Amino acid sequence: MYLFNSEVVKNQKLTQNIFRLRLKAANDFCRAATPGKFVMLGSDDGLFDPLLRRPFGICRWGSDWFEVIIKVVGRGSSQLSKFEKGVSVAVHGPLGNGYPNNNPKNDQKTLFLVAGGMGIASIASYLFSALDRNQSLAGTFLFYGAANYSELILLNELTAADAFGLQLQTITDDGSCGRQGLVTQLLTHELQSRPQSQVFACGPEPMLKSVQKVLLEADCDGYLSLENRMACGFGVCLGCVQTMINKDDDANVKTAKVCTQGPVFPARQVIF
Amino acid sequence: MYLFNSEVVKNQKLTQNIFRLRLKAANDFCRAATPGKFVMLGSDDGLFDPLLRRPFGICRWGSDWFEVIIKVVGRGSSQLSKFEKGVSVAVHGPLGNGYPNNNPKNDQKTLFLVAGGMGIASIASYLFSALDRNQSLAGTFLFYGAANYSELILLNELTAADAFGLQLQTITDDGSCGRQGLVTQLLTHELQSRPQSQVFACGPEPMLKSVQKVLLEADCDGYLSLENRMACGFGVCLGCVQTMINKDDDANVKTAKVCTQGPVFPARQVIF
Amino acid sequence: MVDLKVEIAPGVTLKNPVLTASGTFGYGREYAPYFDISKLGAIITKGLSWQPKIGNSGVRITETACGMLNAIGLENIGVERFLTDELPILQKLNATVIVNIFGNNQDDYANLAAKLDGIIGIAALEINISCPNVKAGGIQFGIDPQAAAKLVAAVRKKTSLPLITKLSPNVSDIVMVAKAVEEAGSDSLSLINTLIGMAIDLDRKRPVLGNVTGGLSGPAIKPVALRMVYQVAQVVSIPIIGIGGISNARDALEFLLAGATAVEVGTANFINPRAAIEIAEGVEKYLDEQGCVKVTDFIGSLA
Amino acid sequence: MVDLKVEIAPGVTLKNPVLTASGTFGYGREYAPYFDISKLGAIITKGLSWQPKIGNSGVRITETACGMLNAIGLENIGVERFLTDELPILQKLNATVIVNIFGNNQDDYANLAAKLDGIIGIAALEINISCPNVKAGGIQFGIDPQAAAKLVAAVRKKTSLPLITKLSPNVSDIVMVAKAVEEAGSDSLSLINTLIGMAIDLDRKRPVLGNVTGGLSGPAIKPVALRMVYQVAQVVSIPIIGIGGISNARDALEFLLAGATAVEVGTANFINPRAAIEIAEGVEKYLDEQGCVKVTDFIGSLA
Ligand SMILES: Cc1cc2nc3c(=O)[nH]c(=O)nc-3n(C[C@H](O)[C@H](O)[C@H](O)COP(=O)(O)OP(=O)(O)OC[C@H]3O[C@@H](n4cnc5c(N)ncnc54)[C@H](O)[C@@H]3O)c2cc1C
Ligand SMILES: Cc1cc2nc3c(=O)[nH]c(=O)nc-3n(C[C@H](O)[C@H](O)[C@H](O)COP(=O)(O)OP(=O)(O)OC[C@H]3O[C@@H](n4cnc5c(N)ncnc54)[C@H](O)[C@@H]3O)c2cc1C
Ligand SMILES: Cc1cc2nc3c(=O)[nH]c(=O)nc-3n(C[C@H](O)[C@H](O)[C@H](O)COP(=O)(O)O)c2cc1C
Ligand SMILES: Cc1cc2nc3c(=O)[nH]c(=O)nc-3n(C[C@H](O)[C@H](O)[C@H](O)COP(=O)(O)O)c2cc1C
Ligand code: FES
Ligand code: FES
């Protein structure tokens, strides 16, 4: 975990309200990043509104930079989305436990990546990490759903991952890109022919809930990346807890801190 | 009075912690400006820290812009001082009553301008207004004091006003520019030979207090521009009041709102 | 178009639920250059006492995190001058006027209420029982339910004007005070007044405010205000006017959801003189977009 | 170099006056990656109950203007596991440890105090009498001076550990509670706990927090905290620990000026894990620059 003031290198507007920020970072930080980990970001202006830092997935990184993709939903994301080149940003991270190591080639397993809305930022970190390490994506499917075409981001880069073997399917609520429907439909469909697959999913809670249901029905393992509200991001406020099945005692439930024990959890454990 | 969102045209750093901001304004606003009036400025970012707008003198203006000079002393001034070209700023003004109309030529009177520290922003508005209307400054003295040389601002422009007849004398606490001492010394000295002069003064309260004393001793009229803390700037919070001599009833005192009844007051009336 | 009319006290129906908070709207006319003040639900004037009051000396206001402290000391021109100099202007401006009053003791309040009774152009009285410098036997009226009830009953006898009692948040149990005041005959409640706070000038080693302590207002107090409105709304049956940090239409709507029949905008008026009217317009727009027919359907509809 | 030592209770001398507030510093070790936690005056652990508690369900935190609301519901691992799993780690880290406790009734508190009595590695107990879900006959201990005093007296009997009683700000008169608790044998006081607040999700028309209301903390509450510390410092003679919105060294110094012998840093720890140590260093730097010889000279030196 590193605590530092970084600087915006680039702020790229992806859609009306989604921005991609590239930030400077030390080598150590970048080496500690893995797909699915996140950072807590805040303004460095000494002002108290917004007060808390906000969590964002580390979407891609190089040796001395990393990128986050920020959708504007409130005051924190709005402030960050306006930071231009040169602005100082307070960073804490990489935090949490990302996706498990998964090498489809060795495992001979299919990997289904399921992204809903901004969940793509987390899921894409897996793909970018593979691309950046020249790792094949053969046997990897990406099911990517959003409200409509204009909410689908990173399409160029995702399509380019074709060359690495990625199979991309998009779906939108209104059918404006790909099929019309919910992203879990795609998963349900493909899972039928490959029940022994690995699944990573990130998206809004209703989507994760239904992914979980699909997995349980297919008796398939998988991982969900949760996005509970966080005050601290490093396990001290107990604000982000999620109820989980208590393995020690099946009759009982326990809570897990999404920030330090997650945000990626085995799908079977999560109780929504 | 106008309420609008303006845009920074230019932000010029004058010293380590003093900035000159040029802001866009409509013609109507500029026509309503007079020397000594002020604006309430705030950020337009929808965030609540800083909460209140801050008062700054309108230092100079053209047909579609005006300038303020901002010294960083706390969170409000600090935020504004960082606004670069293109940033939106919430403006309310021109507010208050500025310096009385004073045409030294017609009055055959000497005009002493006394500025201490950031008081120069207010005093300079008188000078710039004269310059910009090609009005002679013959018979006008500017006594300008600051802690040290590096705190003296606008020196180029003030020196150039020589050509209009301005007589500039600087003084610093440490003698690093002009004489060493307090600006009131200059006033006291010159007032001896011209007791019937007009005096405009702006600066920190201790300076204004001593200007008042000098004026009373010389039985000379004059005006002080006060800088009390303000929440609203337009007469509704009663936060900025200054105790004044009650002309209706000499035995009694009254309060005056610095924002609407001032900030410029006859020196005799103010009770510090 | 949503019907915005609300009845904040028996017979007092306002055109919309957005009012201005006492002490933050001057005597009303100061805002006339910025918008048509008759378009607000009502305006509540600066707290009036029998005699003019000069207020506190020294620093009176200071900003805090997302809030401000004030120690104005209830400076006002007194009831007499209000009636001769200010009320006629407000009437000319067609404003719906609610007069906020305070006194040093029960008689002061009763006398003010009697004096204002029957005066044309006053829609209701708001009784400020929460000023920190007004005590009933050492305890502030606003803190002791019995004292508050006695005061309201005394005022009630002296006027036929609808009474809104303005509650202090500096209490262990605001619900008790609210219930006591309701029973004593208050037609409605307004809450909250400011929280008592303090600021210190570190470098000068002294309190910032001349009065040492002051009243905290602004967005910082909104969560406390919203909680108190919600709690009180569960137990009283008279209308509640919500106050505290309301800065935009969404804030106002949250108070309505929590059970307030109307809201008062305070500190926000200082920052943007058009805040109150923008909030009124914003409330209308939001409810229209939601397809809400009457604002009264929305009030208290928190799940 | 300024002498930063302060005695926050008889026999409890801390190396500096900067502590961490319960519930905002985990069990301490979570901060070890960020700085040497033994350098703080003390660390106060998350509130402990006899049995483990799972806390509230639903949304537990939400941000408000310059503050945050929490409704964690006092989730904790229980005293037993604290002693076996956490305290040894804290001792290895050389931290000065103060344990914050709470219960559902007086016996719970007394039992906890007895259990912790004599345990090596605990410098003092902080009794949280201000948790909203802990009641004494329908009234919270923290609100009723008599109930608070009775509770403190009961705990006092069961332990020789120094007792710090943590006061609630949700009261009409915090001075009365402070005096009652002092008389009942509390060695020191800490204040303030959170203000009760609420947030509403407008679009979903429901409270944001699963628990409906929550505790307000952060810079927003600093003026209220500072006022209460100042008021209490005028009347009690036991040490006071100031808490509420302290975010930087200047904030901490203001509380010391107001009469606090030490301070606790809370919400700021979430934003910047190094906040507490930076505040301790900043306090030292400021006092050095002022030529202050002992921090105790500075404490309560407000003009
Ligand atoms: C581990 C993790 C990784 C995340 N990665 C990304 C990412 O890569 N890109 C991205 O755009 N967003 C991501 N999020 C969500 C992001 O943190 C929130 O959108 C952001 O904190 C909202 O802050 P705000 O101040 O703009 O909104 P607020 O004003 O705080 O709230 C506005 C709305 O956003 C909702 N909201 C608040 N906090 C969260 C939250 N933690 N998660 C979801 N909704 C929330 C609220 O319910 C509210 O309706 C991630 C969240 C987590 C926990
Ligand atoms: C009519 C008027 C005209 C002014 N013109 C100018 C100008 O042209 N240029 C300029 O730099 N400043 C001017 N000021 C002062 C300026 O408004 C303050 O410096 C500013 O409001 C401080 O805000 P802050 O948030 O930076 O400081 P805060 O954080 O609010 O306070 C920091 C320090 O500044 C002091 N302070 C706060 N408010 C004021 C105030 N109103 N006056 C003096 N000191 C204050 C406080 O005592 C405190 O010590 C003017 C003030 C008034 C009333
Ligand atoms: C400068 C100022 C003066 C006030 N004067 C009064 C007053 O005279 N009478 C009164 O009942 N309330 C007074 N109040 C309290 C407000 O009416 C309101 O209750 C409080 O400010 C909370 O609302 P806000 O957060 O929207 O400002 C005053 C508040 C401020 C900020
Ligand atoms: C998430 C959270 C959890 C808390 N848990 C406890 C607790 O268990 N026991 C306690 O006495 N106080 C608890 N508090 C209150 C803090 O210790 C402190 O009194 C309060 O937050 C005010 O300080 P601050 O503004 O610096 O945060 C908690 C506060 C927060 C924000
Ligand atoms: S966000 Fe604080 S414990 Fe997870
Ligand atoms: S600043 Fe509000 S009345 Fe002058």
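The model shown is predicted, which means the values in this text are computed figures rather than measured ones. Every chain is numbered from 1 and lettered A, B, ... according to where its sequence line falls, protein lines coming before strand lines.
Distance alone, capped at 3.5 Å, is enough to place a donor-acceptor pair between the C:Ser22 side chain and the C:Thr45 backbone. Of the possible donor and acceptor atoms, one in the side chain of C:Tyr27 sits under 3.5 Å from a partner among the backbone N and O of C:Ile77.
Only the backbone of B:Met230 comes within contact range of chain C, with heavy atoms under 4.5 Å apart. In this structure, chain B has heavy atoms under 4.5 Å from both the backbone and the side chain of C:Thr62. Residue contact with chain B, scored on non-hydrogen atoms closer than 4.5 Å, is absent for C:Thr64. Using a 4.5 Å cut-off between heavy atoms, B:Leu3 contacts chain C through its side chain alone, with no backbone atom that close. In this structure, the portions of C:Pro273 lying under 4.5 Å from any heavy atom of chain B include both its backbone and its side chain. The contact between C:Ile54 and chain B is made by backbone and side chain atoms together, counting heavy-atom distances below 4.5 Å.
Considering only heavy-atom pairs separated by less than 4.5 Å from chain C, the leading option among B:Arg54, B:Gln242, B:Arg75 is B:Arg54. Of the residues considered (C:Gly26, C:Pro219, C:Ala268, C:Ser247), C:Pro219 shows the highest number of contacts with chain B, using heavy-atom pairs under 4.5 Å. Your options are B:Leu47, B:Asp49, B:Val236, and the one with the most heavy-atom pairs under 4.5 Å with chain C is B:Val236.
The shortest distance between side-chain heavy atoms of B:Leu224 and B:Phe265 does not fall below 4.5 Å. Using a 4.5 Å cut-off on side-chain heavy atoms (C-beta onward), B:Asn11 and B:Lys85 make no contact. Using a 4.5 Å heavy-atom cutoff, the side chains of C:Val283 and C:Leu253 are in contact. Considering only heavy atoms from C-beta on, B:Cys30 stays 4.5 Å or farther from B:Ser63 through its side chain.
A donor atom on one side chain and an acceptor atom on the other are not found under 3.5 Å apart for C:Ser38 and C:Asn94.
Between B:His92 and C:Tyr34, the ring planes lie perpendicular to each other; the angle is over 60°, past the 30° to 60° tilted range.
Within 6.0 Å of OH in B:Tyr149 there are 12 or fewer heavy atoms belonging to other residues, nucleotides or ligands.
Contact annotation for residues 197-218 of chain C against chain B (heavy-atom separation below 4.5 Å, listed by residue number): C:Val208.
Using a 4.0 Å cut-off between a side-chain N of Lys or Arg and a carboxylate O of Asp or Glu, C:Arg250 and C:Glu254 do not qualify as a salt bridge.
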